[in-house]
Every structure is written in structure tokens, then in C-alpha cells.
Amino acid sequence: MQKVIECVPNFSEGQRKEVIDTIAHAIAGVEGVALLDIDPGLSTNRTIYTFVGHPQAVIEAALAAGRAAYNLIDMTKHSGEHPRIGAMDVVPFVPVQNATMADCIEIAREFADRLSMELSVPVYLYGEAQEQEYRRDLSQIREGEYEALYSKIRKSEWKPDFGPIEFLPTWGATCVGARKFLIAYNINLLGTKEQAHRIALNVREEGRSKEEPGKLKSVRGLGWWLEEANLSQISLNLTDFEITNIHAAYLQCVAEAESLNIGLCGSQIVGLVPLRPLLMAADYFIQKENLFILDEDQKLRLVIQRLGLNSIAPFVPKERIIEYIIRDREGRDDTINSMEIKELVKHVSARALVPGGSCVTALVATLGTALGTMCALLTYGMRKWETLEPEMRAIIAPLHTATKTLMETVDTDTELLNAYMTVQKMTETNEEERHFKQITENRCLQRCLEISLEIMRQINNLWEPLSRLAPLFNINTKADFLVGIKCLDTAMYGALKRIETFSSSLLKNTDNIDDNESQTKKTQKNYEEEAKTYFDKTQKYVQIILKLAESRNE
């Protein structure tokens with residue numbers, strides 16, 4: 001899987017459309033990147049661009065944006081609500097997919113070096129890319145803002161990391177960093193700018209001073225007035241949502257506003273956001289209010305409503321959540337899960353090994369859990385079975401999760417088998433090529449084994465809740481329940497046979513690789529033993545569950 005890096009450059013221009021568009025075109029014109037979002041602010045006079053791509057393409061796109069801004073933004077004429085130090089004010093690089101923080105640090109330093117060389121501008125490193133503690137935090141570098149830079153840049157302790165040690169009036173300086181995903185989160189206050197700032201000081205980590213620290217970790221904040229909305233905002237940067245998430249920040253600000261008798265009316269996520277913090281917020285409200293919501297779309301609706309994310313502008317998940325945007329941009333219409341039934345049947349019945357038994361096994365398992373979920377849901381929420389609701393909630397949750405997980409294995413399994421078939425076609429004209437081919441085949445076979453075993457594990461975990469469901473389900477779904485159990489039984493058999501086949505191929509493939517043979521035999525034995533244990537357990541549970549369900553007539 002290719003590395004995917006996110007870059008979120010902030011430019012000190014949010015009012016002139018022609019400048020905003022020119023920078024956007026410069027980014028979008030670089031091959032290998034996808035410009036996901038442009039978020040201009042009138043009051044802040046600042047625009048945030050979000051784009052993703054592989055490392056080198058992201059560097060080139062950021063450089064193209066810098067070149068475009070160089071002759072278009074004049075810092076001597078700039079004013080706005082947001083703190084700033086330069087025209088291309090901040091350029092953070094964030095790991096998104098198959099990438100590490102170390103990758104982003106390397107990218108940040110390469111970009112900073114090239115930007116300073118090409119445009120002859122001063123550049124400061126910050127965040128994980130900065131080694132000196134006293135200038136790691138962005139607020140430390142931007143203290144005093146652009147207006148203080150003239151004297152600050154001449155001090156030895158504030159010498160730029162790259163570029164000239166001189167004040168460039170039209171440009172200022174640029175801060176380049178590597179960081180975790182930062183959520184720019186604003187909470188709307190029906191009060192003054194000063195009241196918003198007062199609350200920001202109360203909640204942000206640094207507080208008012210070392211003697212008066214704030215209440216929320218990994219949070220930066222200030223208050224400002226949003227002219228276009230006729231309200232003030234507590235503007236927060238959540239630098240690590242695993243420590244302080246959006247719901248925790250919102251609820252703390254609600255408490256602060258209530259203590260001051262100030263009205264609060266919703267909030268705003270600036271730019272894009274990962275899916276995980278939204279689902280974390282949903283889980284918080286679900287647990288707090290004892291709700292029962294499983295569907296991802298409904299969870300997002302709950303968060304949008306509880307946090308008032310539509311208060312300034314509509315929050316449209318498919319346009320604001322990074323995973324959804326990337327998924328849409330990738331346009332993976334050729335996946336098994338995206339096919340219509342008739343197309344899938346056509347592919348399975350074709351004169352080709354893939355998709356075949358493994359794909360069908362995963363699909364049958366998914367259909368089995370889906371039928372079980374259906375039977376439970378048609379019992380839950382009915383007045384007739386109201387007393388069973390706590391039990392149904394406990395049963396439905398693992399069935400729903402397994403359905404989603406198993407559905408993903410349909411495509412994963414097919415992709416792995418395609419990879420294995422491709423490796424088998426590799427040439428082996430010499431001993432080195434033959435050795436490499438065998439090692440690669442072994443890796444593919446082991447992953448195929450792992451997927452089949454994962455299917456068995458998922459099903460194995462469902463026998464207990466399905467046993468509890470058997471005497472309780474809506475009797476009108478009896479046939480559906482029985483079919484679901486037989487689907488899971490069939491999937492277990494299919495997975496077991498695939499494991500026997502894959503492990504045999506893996507062992508055969510290591511006959512001439514002496515150093516790995518003993519380890520391979522051990523791995524093969526472990527897979528087969530675990531699979532056999534699950535299969536034997538299945539035979540026991542299937543008979544018990546079928547007998548119990550068949551005997552029901554009410």
C-alpha cells in the first residue's frame with residue numbers, strides 16, 4: 001500500500017477569491033495529489049487548504065502553492081483575527097495511510113530546505129520536526145506575530161532553521177512541521193470576543209500562566225469575533241484528539257459558558273476531520289444517554305446534532321470526513337462489494353480461479369451474520385417483546401459488528417488471492433529470482449491463511465449470542481434464522497478447507513528453503529489446529545441452536 005501524507009497549509013489570505021483560487025490551482029495541478037478542501041475565512045483573513053498524496057507529490061504541491069503565494073500576498077497589508085507570522089504561515093505534514101511520523105519529519109525538512117532555497121525566505125521548523133524544545137510549539141514561534149518578527153528574527157535564539165536571517169516585509173516567515181492530526185474546532189458563543197477569550201484561557205492547556213493552567217490537555221485556544229455570523233467563537237486547536245476529543249472540549253465550554261450565564265449555540269469543525277474522533281464522540285453520547293445506535297450514518301447524525309455542527313454551515317459527512325473523501329476519490333467500483341448480485345455471480349461462474357471459494361465463503365459468512373442481525377432487529381423495538389430489549393441490545397451489537405467486518409473480508413480475500421496468482425506468474429530465470437518468488441508466495445499464502453482464520457474467529461465469537469437469540473427471536477423470522485445458522489455452518493466448512501489447502505501449499509513451497517521450513521511447519525500446524533478447534537465447536541453449537549430454533553412454534 002502506497003504511503004499517503006496529508007498537508008494542510010494555511011495562507012494569510014481569506015478575502016480575495018482570485019488569490020485563493022490561484023493557490024488552489026497550483027496545488028491541484030500537481031500529479032499525484034488530491035485537493036480535498038479549501039476553507040477561507042473572512043474575519044480571520046486566512047485560507048486553509050487540505051490535500052493528500054504520496055510523499056514526493058505532496059512536497060511538490062506545497063512548493064507550487066508557496067510559489068503561487070509569493071507574489072500575491074503582501075503581509076504589510078494583512079490583518080485578521082487569526083495569529084500569523086507570514087504569507088504561507090503554517091505548513092504541517094500529517095501521516096494518513098501506511099506512513100509514520102518519521103516519514104513526515106523527513107518530508108517537512110526537505111520541504112523547508114527547498115522552500116527557503118527557491119524563494120529565499122526564512123523557515124522555522126515546529127512540532128515533531130523541531131528538535132529544540134523552546135521552539136517546538138507553534139505559539140512559541142508566532143509569539144508577537146508578524147509585527148514582532150522584525151526584531152525577533154535577529155535574535156540568535158530565534159534564528160530561522162532554514163533560509164536568510166533577515167526580515168522580509170512582504171513574506172514574513174513560514175512555519176513547517178510534522179504533527180498528529182490537528183482538529184481546528186470553534187464553539188459559538190452569544191457573547192463578546194472578550195468573553196470567548198476568557199473561556200478559551202480557562203480551557204486551553206497552558207491556561208493563563210504556569211500558575212493558572214487550563215482544564216484540557218493537548219488544547220490550544222483563543223477567543224475572537226466572527227463578523228459574518230454575528231457571534232464570538234472559542235477557537236480551539238485539539239492537537240491530540242485521543243487525549244481531548246471534540247465532545248470533551250464542547251462540554252467543558254458549555255460548563256464554562258453556563259457559569260458565566262452566556263448562551264452557547266453549536267460548534268464548527270474547520271476543514272476536514274478523520275472519522276474516528278466523530279465516532280468517539282458518538283460513543284460517548286450513546287453511553288451517557290443509554291442509546292442503542294449501531295449504524296455509522298446514524299452515529300454521525302447524533303454527533304452533528306449534539307454538537308450543533310450545522311450551526312454555521314452544513315456539515316456534510318461525505319464532504320468533510322477524510323476517509324469518505326478518499327474512498328470517493330478512489331472510486332473503487334471494481335470491488336466485489338460494489339458489484340450487483342448478477343455481476344458477482346457472473347464473475348464467480350467464469351473460467352477463473354478468482355473470485356472463487358474463498359470469496360464465496362466470506363460472502364456466505366456475511367449473509368449468515370446479516371440474517372442473524374435481521375432476526376434480532378425485528379424482535380428489538382417491538383412492544384410485544386419490550387422486556388427483551390436489554391438482551392436484544394447485547395445480542396445485536398456483536399452481530400452487527402461481525403457483519404461489517406466480514407463484508408470487508410470479501411474484498412480483502414479476493415485481493416490477496418489475486419496477488420498470489422500474480423506472484424505465481426513471476427519469472428525465475430536464476431536462483432535469486434526463484435528464491436524471491438518463493439518468499440513472496442509464502443507471504444501471500446500466510447495472509448490468505450490469516451484471512452480464512454479470521455473468518456472462523458469472527459463466526460466462533462457469535463455462537464454464544466446466537467444461542468441466546470434462538471429462544472427469543474420474533475417467530476415470524478424463524479426460517480430466516482435457520483438459514484442464517486446454516487450459512488455460518490457452511491462458511492466455517494469453507495474456511496476450514498481453504499486453510500487446509502493454503503497450509504499444504506505453504507509447506508510444499510518451503511521444501512527448498514531450509515532456514516524457514518521448521519518455522520513454516522509450526523505455523524501450518526498452529527493454523528490447522530486452531531481452525532479444527534473452531535470447526536468442532538461449530539458442529540456442537542449448530543446442532544444445539546438448530547434443535548432449539550426448530551422446536552419453537554409460538
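Quick note: numbers below take in every heavy atom, side chains included, and nothing from hydrogens, waters or symmetry partners.
In summary, Arg220 and Glu205 do not engage in a salt bridge, as defined by a charged side-chain N under 4.0 Å from a carboxylate O. Residues Glu145 and Lys152 are not paired through a salt bridge, judged by the lack of any N-O separation under 4.0 Å between the basic side chain and the carboxylate. Arg109 has no carboxylate O lying under 4.0 Å from a charged side-chain N of Glu106, or vice versa, which leaves the two without a salt bridge. Arg142 and Asp89 are joined by a salt bridge, as a carboxylate oxygen and a charged side-chain nitrogen come within less than 4.0 angstrom of each other. Between Glu454 and Arg447 there is no salt bridge, since no side-chain nitrogen of the basic residue lies less than 4.0 Å from a carboxylate oxygen of the acidic one. Note on Asp161 versus Arg135: salt bridge recorded, some NZ/NE/NH1/NH2 to OD/OE distance being below 4.0 Å. In this structure, Glu131 does not pair ionically with Arg136, as no charged nitrogen and carboxylate oxygen lie closer than 4.0 Å.
Residues forming a side-chain contact (heavy atoms from CB on, under 4.5 Å) with Asn188 (at least two apart in sequence, or on another chain): Leu231, Gln233, Cys265, Ser311, Ile312. Not counting sequence neighbours, Arg204 has no partner by the side chain to side chain donor-acceptor pair (under 3.5 Å) test. Applying the side chain to side chain donor-acceptor pair (under 3.5 Å) criterion to Tyr146, with sequence neighbours excluded, gives no partner residue. By the side chain to side chain donor-acceptor pair (under 3.5 Å) test, Glu18 is found to be paired with no residue, residues two or more places apart in sequence or in another chain being considered.
A donor-acceptor pair under 3.5 Å is absent between the side-chain atoms of Ser116 and the main chain of Phe162, judged by distance alone. Side chain of Asn237 to backbone of Thr239: no donor-acceptor contact under 3.5 angstrom is found.
Applying the ring-ring contact (aromatic ring centres under 6.0 Å, His included) rule to pairs touching residues 23-64 yields Phe11-Tyr49, sequence neighbours excluded.
For an aromatic pair to be called close, the ring centres must be under 6.0 Å apart, and Phe181 with Phe241 fails this.
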Let me check something: any side-chain donor-acceptor pairs from residues 271-287 under 3.5 Å, sequence neighbours excluded? List them with distances.
residue: Arg276; atom: NE; partner: Glu242; partner atom: OE2; Å: 3.0
residue: Arg276; atom: NH2; partner: Glu242; partner atom: OE1; Å: 3.2
residue: Asp283; atom: OD1; partner: Lys299; partner atom: NZ; Å: 3.4

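Seen from the ring of Tyr324, Arg320 does not count as a face-on cation partner, given the 6.0 Å and 45° thresholds.
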